[in-house]
Amino acid sequence: MTYRVVQWSTGNVGRHAIAGIDARPDLELAGVWVSNPAKYGKDAGELAGLGRSLGVAATGSEEELLALRPDCVVYTSMADVRLMEAIDDLCRILRAGVNVVSSSPVFLQFPDGVVPPEMSDPVREAAEAGGASLFVNGIDPGFANDALPLAVTGISERIDQVRCMEILNYATYDQGTILFDVMGFGRSLDETPMLLQPGVLTMAWGSVVRQLAAGLGVELDEVTEHHTRLPAPETFDVSAGTVEKGTAAALRFEVRGMRGGEPVLVLEHVTRLRDDLAPDWPQPAGAGCYRVEVRGEPDYTVDLQLLGGDGDHNTAGLKATAMRLVNAVPAVVAAPPGLLTALDLPPISGRGLL
């Protein structure tokens, strides 16, 4: 069976999704939505940097794309700074009877107990009205802290703690809005960026902790958040801009699922803009990694190293997010209508060998 797919946005993740859709023999790229008028009419292959035409021209018309009646939309538009607009987008697509796999808003990965029902109910209502499904995922939040840790716990006799870690240098992540405005890098340590406003970490990654708890049958007492930032020792440049001396250049945070006063399920990020910063913080395997630590009987540590074809680990992370969505299309189309989580779907795999 061939599934007709529309790609919604062509940014850092979207262009990799186009390449992934093109690579799967069971998917057909039916349309591409873009927000920038300068991209209207351009071929999807050009927008994805494939160096060849795919015969699909980009458009800014939602009506035109939904009229195609695709089986699924791969939605990768940024939601961090346009949360309600993104939710409205998803609701319109679902009400039109079109399934969606999406990289955002991330709390929809597992919203129960994470956000008020009024933030997730409209999506559920739209899915029911349209008879369609929505699956929100990626690499993190996503595979690195849902499928991967749950798979590792499947070989445990006893589980005392599960810790899911992202340990990456973001210097080559060319997205200034996320890096500077949302995460607060290159900003004064006296300022509190969007990501570190009280409750935001829990809203974004509390879904990870709550979903692990549901998957493991664990009742949590509460979810807490903690963070530490370190300054740049001197001024230096990264792909997204300049980081001045004394401004934020390293960030470490945890979202902790607590039971009996102990952190039993932990999501941790260790983010640097230079490899030499915070040498006492956890170090990655290879150029960068996602790490799962299961403490119990026995103890396990699993490192998922990232490296793109261009030699960059951040490229690999973007590709992983895109492919988690693209590879989920057949399972999501086959699933009953509603808001799906990783606990609702069968194992997701790629397709074919060269």
Please evaluate residues Leu68 and Arg4 with respect to the criterion side-chain contact (heavy atoms from CB on, under 4.5 Å), reporting the C-alpha separation (whole Å), side-chain torsions for both, the decisive distance (0.1 Å), and the verdict.
CA-CA 9 Å; Leu68 295 173; Arg4 298 175 68 248; 4.1 Å; yes
With salt bridge (charged side-chain N to carboxylate O under 4.0 Å, His left out) as the test, would you mind laying out the steps for Arg158 and Asp299 before giving the verdict?
CA-CA 9 Å; Arg158 187 189 76 249; Asp299 287 345; over 6 Å; no
Carefully, step by step, assess Leu83 and Met119 under the rule side-chain contact (heavy atoms from CB on, under 4.5 Å).
CA-CA 10 Å; Leu83 183 59; Met119 294 187 73; 3.7 Å; yes
Criterion side-chain contact (heavy atoms from CB on, under 4.5 Å) on Arg163 and Arg291, from CA distance to verdict
CA-CA 8 Å; Arg163 179 177 294 267; Arg291 178 171 297 157; over 6 Å; no
Begin from the C-alpha positions of Val255 and Val266 and carry the test side-chain contact (heavy atoms from CB on, under 4.5 Å) through to its verdict.
CA-CA 6 Å; Val255 179; Val266 182; over 6 Å; no
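In terms of modelled atom types and a separation under 3.5 Å, the side chain of Gln7 and the main chain of Val32 share no donor-acceptor contact. Formation of a donor-acceptor pair under 3.5 Å by the Ser61 side chain with backbone atoms of Glu64 is found in this model. For the pair Arg324 (side chain) and Asn137 (backbone), a donor-acceptor distance under 3.5 Å is absent. Of the possible polar contacts, none joining the Trp8 side chain to the Val74 backbone as a donor-acceptor pair under 3.5 Å is found. Judged by distance alone, with hydrogens and angles left aside, the side-chain atoms of Ser9 form a donor-acceptor pair with the main-chain N or O of Thr76 at under 3.5 Å. Remark: side-chain polar atoms of Thr321 are not paired, donor with acceptor, to backbone N or O of Leu318 under 3.5 angstrom. The main-chain N or O of Gln305 is never found under 3.5 Å from a side-chain atom of Asp303 such that the two would form a donor-acceptor pair. Side chain of Asp43 to main chain of Ala57: no donor-acceptor pair is present (N/O by atom type, distance under 3.5 Å, no hydrogens or angles).
Considering every non-hydrogen atom in both Ala249 and Phe236, the closest pair reads CB-CZ, 4.1 Å. Summarising the geometry of Ala144 relative to Val292, their closest heavy-atom pair is O-CG2, 3.8 Å, with the distance given to 0.1 Å. Nearest heavy-atom pair, Pro105 versus Leu90, reported as atom, atom and distance to 0.1 Å: CD-CD1, 3.6 Å. Residues Gly199 and Glu225 approach most closely at N-OE2, 3.0 Å, considering heavy atoms. Between Val243 and Ala232 the shortest heavy-atom distance is CG1-CB, 4.0 Å. Nearest heavy-atom pair across Ala322 and Val13 is CB-O, 3.7 Å.
One distance of note links CD of Glu254 with OG1 of Thr228; it measures 8.5 Å at 0.5 Å rounding. With rounding to the nearest 0.5 Å, the separation of CG in Leu179 from CG in Leu273 is 5.5 Å. Taking CG from Asp275 and CD from Gln283, the interatomic distance works out to 8.0 Å, rounded to the nearest 0.5 Å. Atom CG in Leu201 sits 4.5 Å away from atom CG in Leu195 (nearest 0.5 Å). Distance check, rounded to the nearest 0.5 Å: CG of Asn145 to CG of Asp140 gives 4.5 Å. Atom OG1 of residue Thr271 and atom CG of residue Leu168 lie 7.0 Å apart, to the nearest 0.5 angstrom.
Between Thr172 and Val238, the closest side-chain pair of non-hydrogen atoms is not below 4.5 Å. Proximity of Asp146 to Leu212: side-chain heavy atoms (C-beta onward) are nowhere separated by under 4.5 Å. Considering only heavy atoms from C-beta on, Arg82 stays 4.5 Å or farther from Ile87 through its side chain. At least one side-chain heavy atom of Ser156 sits less than 4.5 Å from a side-chain heavy atom of Tyr300. Tyr40 is listed as a side-chain neighbour of Val34, based on a closest heavy-atom distance under 4.5 Å. Taking the side chain as every heavy atom from C-beta outward, Arg295 and Thr301 approach each other to under 4.5 Å. Looking only at side-chain heavy atoms (C-beta outward), Thr242 and Thr235 come within less than 4.5 Å of each other. The side-chain heavy atoms of Val223 and Arg210, taken from C-beta on, include a pair separated by under 4.5 Å.
Cluster membership check: Leu267 shares its hydrophobic cluster with Phe143, using side-chain heavy-atom separations under 4.5 Å among Ile, Leu, Val, Met, Phe, Trp and Tyr. Criterion: ILVMFWY side-chain heavy atoms under 4.5 Å apart, direct or through other members. Under it, Tyr3 and Phe135 are part of a common hydrophobic cluster. Clustering ILVMFWY residues whenever any of their side-chain heavy atoms sit less than 4.5 angstrom apart, transitively, puts Val294 in the very cluster that holds Leu220. The hydrophobic clustering, which links ILVMFWY residues whose side-chain heavy atoms are closer than 4.5 Å, places Leu148 and Leu265 together. The same ILVMFWY cluster, assembled from side-chain heavy atoms under 4.5 Å apart, contains both Leu251 and Phe180.
With respect to the salt-bridge test (charged N to carboxylate O, under 4.0 angstrom), the residues Asp312 and Lys319 do not qualify.
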All N/O donor-acceptor pairs, side-chain side in residues 93-102, below 3.5 Å, sequence neighbours left out:
unit_1, atom_1, unit_2, atom_2, d
Asn99, OD1, Ser133, N, 2.9
Asn99, ND2, Asp71, O, 3.0
Ser102, OG, Tyr75, O, 3.3
Ser102, OG, Ser104, N, 3.1
Ser102, OG, Ser104, O, 2.4

Please report, to 0.1 Å, the donor-acceptor pairs under 3.5 Å made by any side chain of residues 325-348, with sequence neighbours excluded.
unit_1, atom_1, unit_2, atom_2, d
Asn327, OD1, Arg24, NH1, 2.9
Asn327, ND2, Met323, O, 3.1
Thr341, OG1, Leu343, N, 3.1
Thr341, OG1, Asp344, OD2, 3.3
Asp344, OD2, Thr341, N, 2.8

Contacts under 3.5 angstrom, residues 182-192 side chains, donor-acceptor by atom type, not counting sequence neighbours:
unit_1, atom_1, unit_2, atom_2, d
Arg187, NH2, Asp181, OD1, 2.8
Ser188, OG, Asp190, N, 3.0

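By the neighbour-count criterion of 12 heavy atoms within 6.0 Å, atom CD of Glu128 is sparsely surrounded, having that number or fewer from other residues, nucleotides or ligands. Within 6.0 Å of atom CD in Gln197, more than 12 heavy atoms from other residues, nucleotides or ligands are found, so the atom counts as buried in its surroundings. Summarising the local packing, CZ of Arg92 is surrounded by more than 12 heavy atoms from other residues, nucleotides or ligands at distances under 6.0 Å.
Val270 belongs to a hydrophobic cluster with Met165, Ile167, Leu230, Trp281, counting contacts under 4.5 Å between side-chain heavy atoms of Ile, Leu, Val, Met, Phe, Trp and Tyr, direct or through other members.
For the salt bridge (charged side-chain N to carboxylate O under 4.0 Å, His left out) condition, the pairs that include at least one residue of residues 233-252, sequence neighbours left out, are Glu234-Arg274, Arg252-Glu268. Sorted by first and then second residue, the salt bridge (charged side-chain N to carboxylate O under 4.0 Å, His left out) pairs involving residues 111-125 (not counting sequence neighbours) are Asp112-Arg124.
Between Trp205 and the choices His269, His226, His227, the ring-ring contact (aromatic ring centres under 6.0 Å, His included) rule is met once, by His269.
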